[in-house]
Structures are given as structure tokens and as C-alpha cells.
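Throughout, protein chains are lettered first and strands after them, A, B, ... in sequence-line order, and every chain is numbered starting at 1. Computed from heavy atoms alone, side chains included, the values below leave out hydrogens, waters and symmetry copies. Bear in mind that the values here come from a model prediction, so they are computed numbers and not experimental data.
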There are 2 protein chains.
Amino acid sequence: MARTARATMKDVAALAQVSPKTVSNVVTGTVFVRPETVERVEAAMAELHFVPNLSARGLRNGRSGTIAVALPDLATPFSADLLHHIVDVAHERGFAVQIEETASEPGREEELVSRARAHLIDGLILNPIRLEDSVIEHADHLPPVVLIGEVEQQLTDRVLIDSRGAARDVTRHLIERGARRIAAVGGDDRADIATATSRLRLAGYRDALAEAGIDHDPRLEVNPFPWTTAAAAAAIDALDARGASFDAVVAFTDSLALGVLHVLNARGTRVPEDVLVTGFDDVEIAAFASPALTTVRLDRRAFAEEAFRLLEERMTERSAPPRAVTVPYEVIVRASTGGS
Amino acid sequence: MARTARATMKDVAALAQVSPKTVSNVVTGTVFVRPETVERVEAAMAELHFVPNLSARGLRNGRSGTIAVALPDLATPFSADLLHHIVDVAHERGFAVQIEETASEPGREEELVSRARAHLIDGLILNPIRLEDSVIEHADHLPPVVLIGEVEQQLTDRVLIDSRGAARDVTRHLIERGARRIAAVGGDDRADIATATSRLRLAGYRDALAEAGIDHDPRLEVNPFPWTTAAAAAAIDALDARGASFDAVVAFTDSLALGVLHVLNARGTRVPEDVLVTGFDDVEIAAFASPALTTVRLDRRAFAEEAFRLLEERMTERSAPPRAVTVPYEVIVRASTGGS
DNA sequence: CTGAAAGCGCTTACAG
DNA sequence: CTGAAAGCGCTTACAG
């Protein structure tokens, strides 16, 4: 059970009767080595179960082969799926992924930045919650950073979604289907409290109302805390307590929408006959809600790939100007708004 | 934008006018250092934005402060929630978490083992899919390993759930509520193909049937591939194609149960009046399904804590005999089987 | 309580 | 194409 002493390059070199340098050349593959030598070295590595010590390599190279991914809450279906794709892409490119969760405690983002520096992280993919700029403050001590999601600064590479446009489009869809009193679950415009997601999607929602000549009614805007299915269910009760009647609900995530659907179903309110409902993200279960949920699809794979591409480019080109990539979205119409 | 050169302990020592050793003592806090000296060193560290280089520390100590967590599929709500708790516990204890996904490709488990060794991982928490023993083969070259979930070997520390008992209990519950023809969605007993989860839960299901004097009917046992909501929906159609009528469904995960509910709802089959449905795991949305889902609750927090506790004990006690901890489960009765 | 030296396991110039 | 030496930034005995 005890771990036997690890073989080092020196051990391999001795067994293969070459110098450590030659072993290194074989392992990294950067320099041509005579085939017979390669074979001898590889046989020795196999015999000794040699695996290069990446701490040593990292110390020497200043690179660790690890990137960090920081997401607010891993248990959120959207985050989980995004992480899945990022890990997939990272492994394809030969990077390990270290995971950080930022929503659990205040100050977590700062802590992770310090951690990122300490662990010789080669890059950081960060989905910020709120204070984007705080992290960037010491950017000159940081490895390359790519921000993803709703980002409101321009100092860093970023992969964006047009949250405002998407919220506008899905609200327009509800208006086209006849809704006039549309509740916004997740909307919040308190600058110091609301997340960027909350504010941008609320703005898009109001854009659509304004276009249609509908005054927005603050009583129809409710922000569950936290953004869980349970809190969304409670939010619907809060709307009722305000006496705010509605003929549609635009929820700012699918998780929120599921809570809304649950309450409406439990009450016998029919969806879509009595109330239309939409979500955001198109997580797997959206299509299997009862009824199937109209939502905004964000391409998580594209998200992961673009983020990684920017990160790798930044690793080689530290001083290029920051770039922004926008990932497209698409409104997916399902039964919860009457189907296609 | 360019990263300025990082400060080292030598730089800090020079600025604080002490030796590098003293800086090290202040940073690690293992040896008493005079308060004035501590203050001077800390001021110097702050001024230089000093963060210790963990590659160097790892190389020197043979420890990296990082554990790896390997899960089959991060996008699964159960895995995502489990990871959330593991990350939480790990950070409390000062460990970083590196994430590995094993289901995406065959051979991933082996690859991760090699990666774990290379990255100087201090420990590995692994939720195996199938070939538990393959990973253990070279255990003497591995850091401490804790297996979690359904584990069918005894060479390693492990945190178990009594899957068979839980499946038996939830099937009993269905029988008590009057079900006689109970479909098992996720059940499979093909030794070379089925996962441990699939086989153990199927065994528990059959235990309960046998107790009640009900013969098990292979036509009622169906295993969606993969274990997604979409595949579960298709599985219900497959049952119909076989002409297998049922008055209850025991699904082996909540994700599978949601697919079952969706199909039944879409058809106008009433749950629980016409068909009873149960899930497994008690993920967040289980309580918000339509109707709310009866399921087996597994305490993910306890899972994470026990796994970490075993791992840390193993780090200090390499040669103690392997231990097993079993995490309790509980059947949560909701509307999908008629409620409490 | 603090200093000077050695070494963890790699890789990168520098020679041959 | 391969060897011998030096050094990445820490920490651990060894002295004082």
C-alpha cells in the first residue's frame, strides 16, 4: 500500500544508459533522437513506471499545464454543463482544470485570484457575478484571464452573450403570442445589488415592452434569492401577495422557470392556455418540463471553445489588445408558449 | 498587461532584511518568529505582492495541496451537486481541486491516474463507473484514493451507499401503495455491460418483488443509454413496443424519472392515479417536478465530508487497512406516489 | 531565534 | 545527436 519511491529521469537515464537530457528530449519530443535510443528510453520508462514530475517541470518552465475555471455555483445546471464542456476542451488541449466556486462566500473571487497566482495557473476562465473590475485590478500580476457571460468591462478578453438582446427577443415572442402583463422573474435594477445578468435581462425585457407600447409595471418584476427553483416558486407567491396579476412569465433561467411551472401546475393554472412561461439557457431538462419549456438556447460548447481559444492566444500574445467574442443565442419555442 | 516578474522569498527577505529561511518561517507559521520580524516580513510581502510559488513548494515537499476528483459526467445534476460539496469541503481544508471527467471516453480512468501521478496530486476521490479494479492495479504508485458510490472491491478506502437496500425500500413503497407491475428504468444485469449502479439497484428492486411474491418480468426492465432524461423518455416508448403494461415505474435516477414523467404527462396518463413514479438521488428539481417526485435522498454533503476525512487520514496513515463508510439514505415520499 | 548550504526533479543554454 | 552544469523557488537539516 505504501507508495514506492517514484522513478526520476535520472533513474530512467541510468537504466537506458543515456544522459538525463536525452530522456527529457524523448519525453518532450522537441528534439530529434535516434530511434534506437528512443526505444531504449521508452522501455526504461515503462519498466520504472516513470511519470514526469510536473511540479519540477512547472518550476523550471514557469508553466503548470493547469488552468482554473471559476463559476458562481457548480450545482446550477447551466454552470455544470458549461464546466463539462470546458473540461472537455481543456483535456483535448492537454490542460488540467482546477475548479473554483465563487458564490459560496463573499471575497471568494479575490481569494481565487491569489490562489491562481500561487498555483502557477497558466490561465483563468472566470464567470463573474458582479464586481468584475475588482479582479482585474491587479491584472499585471495575473495569468491570462478570460471573462465569460455578462461582462461589463473592456480590460480583459471576454466571451459574451447578448443577454439584453435575448431577453428582448423572448419577451417579444410572448407579446406576439398575446401576452400583455408579463412578469419578470429574476429582474432587478438595483445597481449595487443586482447581478449583471439580472440587470441586462431586465433591460431587454423592458426594451420589448417599450417597443410594444406597454408600460413596465414594477410589481411584475421580482427577483428570487438565491436563483433556485425553490426561491422562484416562492417568488410567484410574492407576486400574488402584491396583487399583481399576469398572463405570462419570463424567467431569467430555466431553473427559475421550473419553479414557476411547478407552482402554476400545482394550482391548476394551465400553461400555456392561462399563462405563458419562458426560461433561459436551454438546459437538458427544459425540453422535458411539463409542459416543455420555451427558452433561450446558449451554445455552451461554443462558449467553452471560444474561451479556450482566447486564453491560448493570450498565453502567447500577452500584450495584444483585449478582445471580445459574442456567442449567438436562439429562442427555442416549445409547448409552454403554445409550441411552434 | 504583461505580467511583471514575480517576487520570490529572496526578494522579500532582502526587503525585510532577514534571511529567506525567516520568510519561510513566517509564511508556513510552523516556527515562532519574533513579532517585530513577522511584521517587517509581512509588510515586505504585501509591498511586493508576494505569493509563494506552489510548484517550488510542491517539488520540495512532495505535496501539492491539490486533490483530484473524478466523476463520470459533470453535467449530471447528481454529480454536479456532489462536486459542489467536495469543492466546498476541500477549500475549507485548504486544498485546491482538480477535476477529471471519466465517462467521455473509454480509457479515461487510466489516463487520469497517470495524470494524477504526474501532477503530484495529494489524493484522488473517484466515482468509478465500472472497472474499479483496473485503477487499483498500480495502487502502490498512486496517491491515496477514496472510491465513492457503488464500489465492488475492498482494496481501497471507500464511501458507499447501500444502493441495493435503497432500491429495495423504494420498490417496497410502491408495492405498499398497490403497484404490482413495476417497471425498472435503468436496470440491467449484464455483468460485462451494466454499471455497478445499474446492477445493484436492479437487485434491490428484485429483492422487494421477491419478498412480495411477485415474479420479476424481464420485459419491465429497461436500461436507457445514456442515462439522460431524453433516453428515459425513449425507454418508456420501448416498454410499450414490448407490450409491457405497468402500474408503476421505479427510475434509477431523478434525471431518468423526469423523462418518464414527461412522457406520461404528455400522453395524459395521470401520475399518481394511473401510474406511480419514483426517482433516485433527490436532486433539487425532484421536489419541483410535476407532480413532485418521490425519491431516495442521498446526503451529498455527508458523502463529500466522509470522502475527505478518509482521504486526509490516509495521507497520514498510508498503511492502515482500507476502511469503508456507508452514507445513509432516506425515501422521500411526494405526490408522484400519492404523497405522505 | 536566525543564517548559509544543499537539494527536490526537471529543462535550458553551453559545449562537444 | 548527446553530456555536464546550472538554476527555477522553495524548505529542511545543520550550525550558530
- From the options D:dC10, D:dT12, D:dC8, select the nucleotide whose nearest atom is closest to the side chain of B:N61. D:dT12
- Message: Under 4.0 Å, counting only non-hydrogen atoms across every strand here, what does B:R57 touch: a base, just sugar-phosphate, or nothing?
- Response: sugar-phosphate
- Query: Do NZ/NE/NH1/NH2 and the carboxylate oxygens of A:R309 and A:E305 come within less than 4.0 Å?
  - Reply: no
- Base paired to C:dA4 (Watson-Crick or G-U; both N/O distances under 3.5 angstrom): none
- Among C:dG9, D:dT12, C:dT12, the one nearest any side-chain atom of A:K21 is C:dT12
- Query: Base, sugar-phosphate alone, or nothing: which one does A:V27 contact when heavy atoms must sit under 4.0 Å apart?
  - Reply: nothing
- Rounded to whole Å, the CG-P distance (B:L54 to D:dC10) equals 9 Å
- Item | Separation of atom CZ in B:F50 from atom P in D:dG9, rounded to whole Å | 10 Å
- Is it true that a side-chain atom of A:R93 and a backbone atom of A:F308 form a donor plus acceptor pair closer than 3.5 Å? no
- Item | Note: A:E92-A:R301 ion pair, threshold 4.0 Å (strictly below) | yes
- Item | Shortest non-hydrogen separation from B:V27 to B:M9 and the atoms involved | CG2-CE, 3.9 Å
- Query: Atom CG of A:L59 to atom C1' of D:dC10: distance rounded to whole Å?
  - Reply: 8 Å
- Query: What's the closest nucleotide to the B:M9 side chain, out of D:dG3, D:dC10, C:dC10?
  - Reply: D:dC10
- Out of C:dG9, C:dT2, C:dT11, minimum distance to the side chain of A:N53 belongs to C:dG9
- Query: Do the side-chain N or O atoms of B:T37 get closer than 4.0 angstrom to the phosphate oxygens (OP1, OP2) of C:dT2?
  - Reply: yes
- Nearest to the side chain of A:V33, which nucleotide is it out of D:dC1, C:dC8, D:dT2? D:dT2
- Whole angstrom value for the distance that separates C1' of C:dT2 from CD of B:Q17: 14 Å
- Query: Atom CZ of B:F32 to atom P of C:dT2: distance rounded to whole Å?
  - Reply: 9 Å
- Query: Is the shortest side-chain N/O distance from B:S24 to OP1 or OP2 of D:dT11 below 4.0 Å?
  - Reply: yes
- Query: For A:S64, does its backbone N or O pair with a side-chain atom of A:D122 as donor and acceptor, under 3.5 Å?
  - Reply: yes
- Item | Assigned partner base of C:dA13, Watson-Crick or wobble definition, under 3.5 Å | none
- Between C:dC10, D:dT2, C:dT2, spot the one nearest the side chain of B:N25, thanks. C:dT2
- Message: Mind checking if B:R34 touches a base, just sugar-phosphate, or nothing, with heavy atoms under 4.0 Å?
- Response: sugar-phosphate
- Is the backbone N or O of A:T326 less than 3.5 Å from a side-chain atom of A:R158, with the two atoms forming a donor-acceptor pair by type? no
- Under 4.0 angstrom, heavy atoms only, what part of the nucleic acid is A:V18 near: base, sugar-phosphate, or nothing? sugar-phosphate
- Can you tell me if the side-chain N/O atoms of A:T22 get under 4.0 Å from OP1 or OP2 in D:dG3? yes
- Tell me: CZ of A:R63 to C1' of C:dT11, nearest whole Å? 14 Å
- Are OP1 or OP2 of D:dG9 and a side-chain N or O of B:T8 less than 4.0 angstrom apart? no
- Query: Taking CZ from A:R40 and C1' from D:dT2, how many angstroms apart are they, rounded to a whole number?
  - Reply: 11 Å
- Task: Specify the separation, in whole Å, of atom NZ of B:K10 and atom P of C:dA5.
- Result: 12 Å
